Protein chains: 2
Amino acid sequence: MKPKLTLKQIARELDVSISTVSKALRDSSEIGEETRKKIKAFAKLYNYRPNNIALSLKNRKTKTIGIIIPEIVHYFFTTVISGVEQVANEMGYNVIVCLSNNSFDKEVLNLEMLANGSTDGFILSLAKETMQKEDYHHLTEVTNQGMPVVLFDRVVDEIHCDKVIIDDVIGAKKAVQYLLDKGSKKIGLVSTVDYVSVGKLRTRGYLEVLRENNVEIDDKLILKIEDMDNSETEIKDFIDKNEVDAVFAVNEHFAIYAIKAIQEKGLKVPEDVSVIGFTDGELSKRFIPSLTTVSQHGERMGAEAARLLIDKLERKPEEEESYRTVIVETNLIERNSTKL
Amino acid sequence: MKPKLTLKQIARELDVSISTVSKALRDSSEIGEETRKKIKAFAKLYNYRPNNIALSLKNRKTKTIGIIIPEIVHYFFTTVISGVEQVANEMGYNVIVCLSNNSFDKEVLNLEMLANGSTDGFILSLAKETMQKEDYHHLTEVTNQGMPVVLFDRVVDEIHCDKVIIDDVIGAKKAVQYLLDKGSKKIGLVSTVDYVSVGKLRTRGYLEVLRENNVEIDDKLILKIEDMDNSETEIKDFIDKNEVDAVFAVNEHFAIYAIKAIQEKGLKVPEDVSVIGFTDGELSKRFIPSLTTVSQHGERMGAEAARLLIDKLERKPEEEESYRTVIVETNLIERNSTKL
DNA sequence: GTATTTTGCGCAAACGTTTGAGTGTTGAAA
DNA sequence: TTTCAACACTCAAACGTTTGCGCAAAATAC
């Protein structure tokens, strides 16, 4: 139980001053060859490592970036974390992960906590509740203090900062166009209510493509899930009541519930009805039939977000502010839930 | 762009000393009513928050706990994180998540990094590579420095610390006994190679139950997956070559590959062959047929681990050391991949 | 032999806090 | 008037670093 070596202890042990030790270890030319060697040998022998906290205080930077996500038990978010982590580590940064659990209050709390010196900047995706409330003061406050923030996936125009998003509209268009190309005529949409930005945008893509292809839009074929906990039965009802030859769902789960409902109705996927999902997770790959889906490339988004943030962190203060939005391209992964 | 309020600035602004400000904010009786009110009002107005880094340095504790896991894109680990996070936040602790990506070197690096002042203690699950190498010096070093460590899931006897595990043997026994009770005679096992402790233990449970029930053990019915990337075809081969009426797989993926192989062979699950998995993830719930499985209760494990760690952190130093191992009970979740 | 430069090291301040000890003023008891 | 406690506040050290500056001794130059 040796209580961690410090400069002070090395100094005492070797009978030199603290600054001599510090300088020696940092190869300062101020220190003589001999003393330097002696100190370095000692430090190495006892495995000296500088205390990060003290360094953070001194340098006024922590070399850690905070990431706040709505939930962690969620494939997409974990891939984003993975992407952030890779880039961050490469650049010598640590990552702190906090969860908002989709709660506004917890998002605020986490942000405040991390903003008080724990991190140099943030990467975050807004909690659902925050987007409903449209209250972003906690974020503007943080940015006002000069801490860079990068928003991803669930972003919002009101906050001025770097952003990483996918083009939800184009992604949705790709999916629906694909269905049309394969001969589908009556394409159902299973989406979320509009305050979830991605639901709104993907719905827009759906509508645009239909219009571009002169397909009549039938409101009955559009389902907007209000209550996630009840989504399975809502989707079942929807499928039972409507006759469709294809379904575009805005996430994996909805797609799978749709497939289940279709199968229970006595129809086959993809022979009778094609289904396309969004987000390429475990389920999409492993489900039978495996899901044709729009891939979001979470890892790439995380990497981009980390790069944007670190860029801001290491930029000289003279350079003028400017915010970028990078759009990570989606692409359609063809599997077995759509006909060839 | 106001650069974050400090005690010093408040002191200058209100023309008192720094210590007066500090004491006033902490409601010290040393400070007069009037000044205290004035200072508190000012602090509130400008939203003063003490700097965590400075506090950490002063108090020699950070109120954060580090968690290092082999991979984050993995349902079980995310549920553990979720559990840790809940308890940690309740107790006023922050959580730093780092990934070892199953690499020994990265595990060492992360540990060193976090050990240098960033966290008060660790919760971790060993990287696969670490278990192969059987090199735990990085962990013993950390514990020698007096930092508490809690190991979970992938644990090892050589390290003396608190541990949270599930009873893999009992869990496996429950599963296999269940299959026997339902009338299965030839139960296949799909496991991992033995240096992955959980694979070994679950295999042991399988063997024990068969022995207890006087069922002959047929080595041909035991598959040990060496190369994860190739597991799908290995399992397909295994199923094709052997006649079984049930399969016990040590994780979700293996279970699903088994089901696929069984179906491709022209047999039905669960009518012809029952399948049981381990770990209750998204896939188990949503797959068709949904999987009967041994639930690991990741969230509960995380919560237990956090409690153990915080307990150690807040214990007075006089109290003597003792290490506990808590075993989180598994239970069988019956779904549709086994016959009734 | 003195004047100047170089070498090798220590001092002290700073980062933002907390806190025990010290200090000066007030008011009351002796 | 002296003594002393109570009050309200400030000083300074500490946590572990880094770094500009100062200073003595040694080495060089004149």
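A note on names: the letters A, B, ... follow the listed sequences, proteins ahead of strands, and every chain is numbered from 1. All values derive from a computational prediction rather than experimental measurement.
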Residue pairs passing the ring pair (Phe, Tyr, Trp, His ring centres under 6.0 Å) test where at least one lies in residues 9-29 of chain B, sequence neighbours excluded: none
Ring pair (Phe, Tyr, Trp, His ring centres under 6.0 Å) contacts touching residues 87-131 of chain A (sequence neighbours left out): Phe104(A)-His138(A)
Specify the separation, in whole Å, of atom [atom1] of [X] and atom [atom2] of [N].
X: Gln145(A); N: dG16(C); atom1: CD; atom2: P; result: 13 Å
X: Leu7(B); N: dT19(C); atom1: CG; atom2: C1'; result: 13 Å
X: Lys61(B); N: dT18(C); atom1: NZ; atom2: C1'; result: 14 Å
X: Leu5(B); N: dT17(C); atom1: CG; atom2: P; result: 8 Å
X: Ile18(A); N: dA13(C); atom1: CD1; atom2: P; result: 14 Å
X: Arg49(B); N: dT17(C); atom1: CZ; atom2: P; result: 12 Å
X: Lys4(A); N: dT17(D); atom1: NZ; atom2: C1'; result: 14 Å

Under a 3.5 Å threshold, yes or no: a donor from one side chain and an acceptor from the other, between Glu141(B) and Asn47(A)? yes
Have Asn102(A) and Arg154(A) got a donor and an acceptor in their side chains that come within less than 3.5 Å? yes
Does CD belonging to Glu158(A) count more than 12 external heavy atoms closer than 6.0 Å? yes
Taking atom [atom1] of [X] and atom [atom2] of [Y], what is their separation to the nearest 0.5 Å?
X: Ile53(A); Y: Lys58(A); atom1: CD1; atom2: NZ; result: 15.5 Å
X: Lys106(B); Y: Asn101(B); atom1: NZ; atom2: CG; result: 4.5 Å
X: Ile81(A); Y: Ile69(A); atom1: CD1; atom2: CD1; result: 3.5 Å
X: Tyr75(B); Y: Ile72(A); atom1: OH; atom2: CD1; result: 12.5 Å

Would you tabulate the pairs of protein nitrogen or oxygen atoms and nucleotide nitrogen or oxygen atoms of nucleotides 13-15 of chain D closer than 3.5 angstrom?
| residue | atom | partner | partner atom | Å |
| --- | --- | --- | --- | --- |
| dC15(D) | OP2 | Lys8(A) | NZ | 2.9 |
| dC15(D) | O3' | Arg60(B) | NE | 3.1 |
| dC15(D) | O2 | Lys58(B) | N | 3.4 |

Just compare dT17(C), dT19(C), dT17(D) and give me whichever is closest to any side-chain atom of Ser19(B). dT19(C)
Give a yes or no on whether a salt bridge exists between Glu33(A) and Lys37(A), defined as a side-chain N under 4.0 angstrom from a carboxylate O. yes
Test salt bridge (charged side-chain N to carboxylate O under 4.0 Å, His left out) applied to Arg26(A) - qualifying residues, sequence neighbours left out: none
Taking any heavy-atom pair under 4.0 Å as a contact, classify Leu55(B): base, sugar-phosphate, or nothing. sugar-phosphate
Position toward the 5' end of DNA chain D (nearest nucleotide), Ser22(A) or Val21(B): Val21(B)
Out of Arg307(A), Lys312(A), Arg315(A), which one pairs with Asp162(A) under the salt bridge (Lys or Arg N to Asp or Glu O under 4.0 Å) rule? Lys312(A)
Using a cut-off of strictly less than 4.0 Å between a heavy atom of the residue and any atom of DNA chain D, enumerate the qualifying residues of residues 24-44 of chain A by number. Arg26(A), Glu30(A)
Quick one: is Tyr48(B) getting a side-chain N or O under 4.0 Å of the dT17(C) phosphate, OP1 or OP2? yes
Atom pairs, N/O to N/O, protein against nucleotides 23-25 of chain C, distance under 3.5 Å?
none

Pick the closest DNA chain C nucleotide for Lys23(B) and for Ser17(A) by heavy atoms, then say which residue is nearer the 5' end. Ser17(A)
